[in-house]
Structures are given as structure tokens and as C-alpha cells.
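These numbers were taken from a predicted model, which means no experiment stands behind them. Along the sequence shown, the residues carry numbers beginning at 1.
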Amino acid sequence: MTDQGKKVLLAAPRGYCAGVDRAVETVEKALEKYGAPVYVRKEIVHNKYVVETLKERGVIFVEETDEVPEGAHLVFSAHGISPAVRDSAVQRNLLTLDATCPLVTKVHNEAKRFARDGYHILLVGHEGHEEVEGTAGEAPEVTHLVDGVDGVDRLPDFPVDQKLVWLSQTTLSVDETMEIVNKLHKRYPNLENPPSDDICYATQNRQVAVKAIAPQVELMIVVGSQNSSNSKRLVEVALEAGADDAHLIDYAHQIDEAWLEGVSTVGITSGASVPEILVREVVEALAERGFTDVDEVTTTTETITFALPRDLRPART
């Protein structure tokens, strides 16, 4: 194949969402205001490059609050925390900054309200994911995890008069979630829907953009880390939408030459926790291999922004 026919379709929107932007900036501003070290519980966002870059600047990532010296500054990650984690931080006199994405906080508030009103909550999400653990922690006695379509079959039989509602992790595949919810409705006819869609706008927008270009490409490269739920979903969405092949990579050097054999059109996107510099490096790496014709395909424009935690906002003049 000659280089003349090789092209790249670049999905837009891609990369950082408003919640990730806020979380990363929260850590950066905390470093500026308080100096190193600043502690972060779990990864601030699920991206290897972001975490390593912040480590170099003096951020210390920990698994739990008991690893943080008393009185130190601790940032809660974008994925949210349970009340038990918050209480533990208070007991250790930690100076906390909450970088939880406001859209995750919305789901937490829904869980608290429905539990208070006597509902059992069917939480659609992935077992072990930090966001799911945080949401379930708001009402553990009445929350039941639904992990995948098969998870519906593992749920208990509720009394006929039991009020039920479903909520979801914000970073799921829209299509898979609806498949699960349809099965839930068939099993529980009285199941109620949440007041608004829980899957975040950025997750949906990135999936829509991938669906738009997947039928036109032989290979889809998704830039993102293996522990990023929304990035992994983009690979699945690309394959389901018509891409012949799709792979998740952190860095450009991970591109396998075998993937490019016989390929004339490559699609590129990135997960919601991925900085644009990593996408640009992939574009440059493909250009070196003859994919010099780059066309950005835009399906929507995002304008949402979230304010920083109050302690880090500029003083009013």
C-alpha cells in the first residue's frame, strides 16, 4: 500500500472531561498553595501519565487514609468516596480537598435520597471500581450491585411492595447499560428510573464520536490506561460499531506494527482522563508511518466546566 491512501480520523470530543480537568487542577493548585507533599487517596484520575507526572511534582498517592500523616493535606480522587472514608480522614485530622466529579456526587446524592425514602438501589457498575465502592458506601444496606447483564440473575427476589430504583456508574457503555436496565425492568416491573441519566455527558459524547468514525476505519486506537473504565468501553464501542480492530494504549510507542498491516484508515480517540499531549504523540507516530492525512470528525462541542473546591478558588477582589 502506498502512503498516499493512508489517513487518520480523529474523534472529537476526546480526552479530558470537565470532571477530570477539575480533579487534576485541584491537585496542581494544592501543590502551589500548600507545597509538597500533597497526598492523594487512590489515583486522582485513571491515567498512568497523569499520575506519574504528579508524582514527579511531589504528590504521594496512597490507598487509604491511614497511610497519611496526621494533619497533612489529602485530596480525594475524582471517583468519589464513601462516608466511611470521609469519617476516617476526620479522625486523623487531615486537611481534605474533595476532587470528586460533580456528576459522581449527583449519583451519591441520589443514592442517599432513595435510601432515605425506603428504596432498594440496583447499582449498575463494575465490581471493585472506586466509583462503585463510593456510591454503594452511601447506603450499603440497601444497595445491590449489578455487574453486567448476567448480574441481573444474581439479584434477590424482592417483596412485591418493595420500592426499587436503578442507578449507574457514570463511565459505562450507554448501550450495555440500557441492555442491563431492560432486563432489570423485565424482572422487576415496578423498578423506577433515576430522575436523570447517570452516565456522564463526556462518556456519552466520546462513545457517540467513536460510533461516527468506527465504520470508516480498519483500526481504532484508543489512548487511555487499562484501569480506565471509560477508555476500555471506547474499545468495545469501536468494535461493536464496525471497526475491524481496536486497541487501548497509554503511549505512542506501544503501537504494534502488525496492527497497521494492510490498514489505510486509522481512527484515534482518547478516554476522559487522557491529556491531549498523548494523542498528539500518537498522531505524530502514525505520520512517521505514512498516515499524514488527518481529518478531525466532530460530533458535538463541550462547554461544561466545574468550579474548583472552595479552598482553592481565587480570592474575590
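- Classification of the Tyr251-Tyr49 ring pair by plane angle, with boundaries at 30° and 60°, yields perpendicular.
- Within 6.0 Å of NZ on Lys183 lie more than 12 heavy atoms contributed by other residues, nucleotides or ligands.
- A side-chain hydrogen bond (donor to acceptor under 3.5 Å, both in side chains) with Ser264 holds for exactly one of Glu218, Lys7, Lys6; it is Glu218.
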- Message: Evaluate Glu67 against Tyr39 for side-chain hydrogen bond (donor to acceptor under 3.5 Å, both in side chains), listing each step before the verdict.
- Response: CA-CA 9 Å; Glu67 300 172 52; Tyr39 292 82; over 6 Å; no
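- The closest side-chain heavy-atom distance from Val282 to Ile255 is below 4.5 Å.
- Following chains of ILVMFWY side-chain contacts shorter than 4.5 Å, one cannot reach Ile121 starting from Phe158, and the two form parts of different hydrophobic clusters.
- When Asp197, Val107, Thr135, Asn230 are each tested for a side-chain contact (heavy atoms from CB on, under 4.5 Å) with Thr170, only one passes: Val107.
- Below 30°, between 30° and 60°, or above 60°: for His129 and His79 the angle between ring planes is above 60°, a perpendicular geometry.
- Across all their heavy atoms, Ser168 and Asp198 have their closest contact at N-OD2, 3.1 Å.
- In this structure, Lys163 places its NZ atom where more than 12 heavy-atom neighbours from other residues, nucleotides or ligands lie under 6.0 Å away.
- Using a 4.5 Å heavy-atom threshold, the side chains of Val210 and Arg206 count as separate.
- No side-chain donor-acceptor contact under 3.5 Å links Ser173 and Glu236.
- The side-chain heavy atoms of Trp166 and His185, taken from C-beta on, include a pair separated by under 4.5 Å.
- Nearest heavy atom pair, residue Val274 against residue Gly224, reads CG2-CA, 3.7 Å.
- Among all heavy-atom pairs drawn from Gln169 and Val132, the shortest one is OE1-CG2, 3.3 Å.
- Judged purely by atom type and a 3.5 angstrom limit, Arg92 uses its side chain to pair as donor or acceptor with the backbone of Val68.
- The closest donor-acceptor contact from the side chain of Glu138 to the backbone of Gly134 lies at 3.5 Å or more, if one exists at all.
- Considering all non-hydrogen atoms of both residues, Gln162 and Asn190 come closest at O-ND2, 2.9 Å.
- Under a hydrophobic-cluster definition in which Ile, Leu, Val, Met, Phe, Trp and Tyr are linked whenever side-chain heavy atoms come within less than 4.5 Å, directly or via other members, Val45 and Val51 are assigned to the same cluster.
- Counting non-hydrogen atoms of neighbouring residues, nucleotides and ligands closer than 6.0 angstrom, the CZ atom of Arg313 exceeds 12 such neighbours.
- Crowding of Asp157 atom CG: a count of heavy atoms from other residues, nucleotides or ligands under 6.0 Å not exceeding 12.
- For CD of Glu127, the number of neighbouring non-hydrogen atoms (other residues, nucleotides, ligands) closer than 6.0 Å is 12 at most.
- Side chains of Leu191 and Arg187 form no contact here, defined as non-hydrogen atoms less than 4.5 Å apart.
- Here the closest non-hydrogen pair linking Ala30 and Leu97 is CB-CD1, 3.8 Å.
- The nearest pair of heavy atoms linking Thr265 to Phe291 is N-CE2, 4.4 Å.
- Ring geometry for His120 versus His144: interplanar angle under 30°, hence parallel rather than tilted (30 to 60°).
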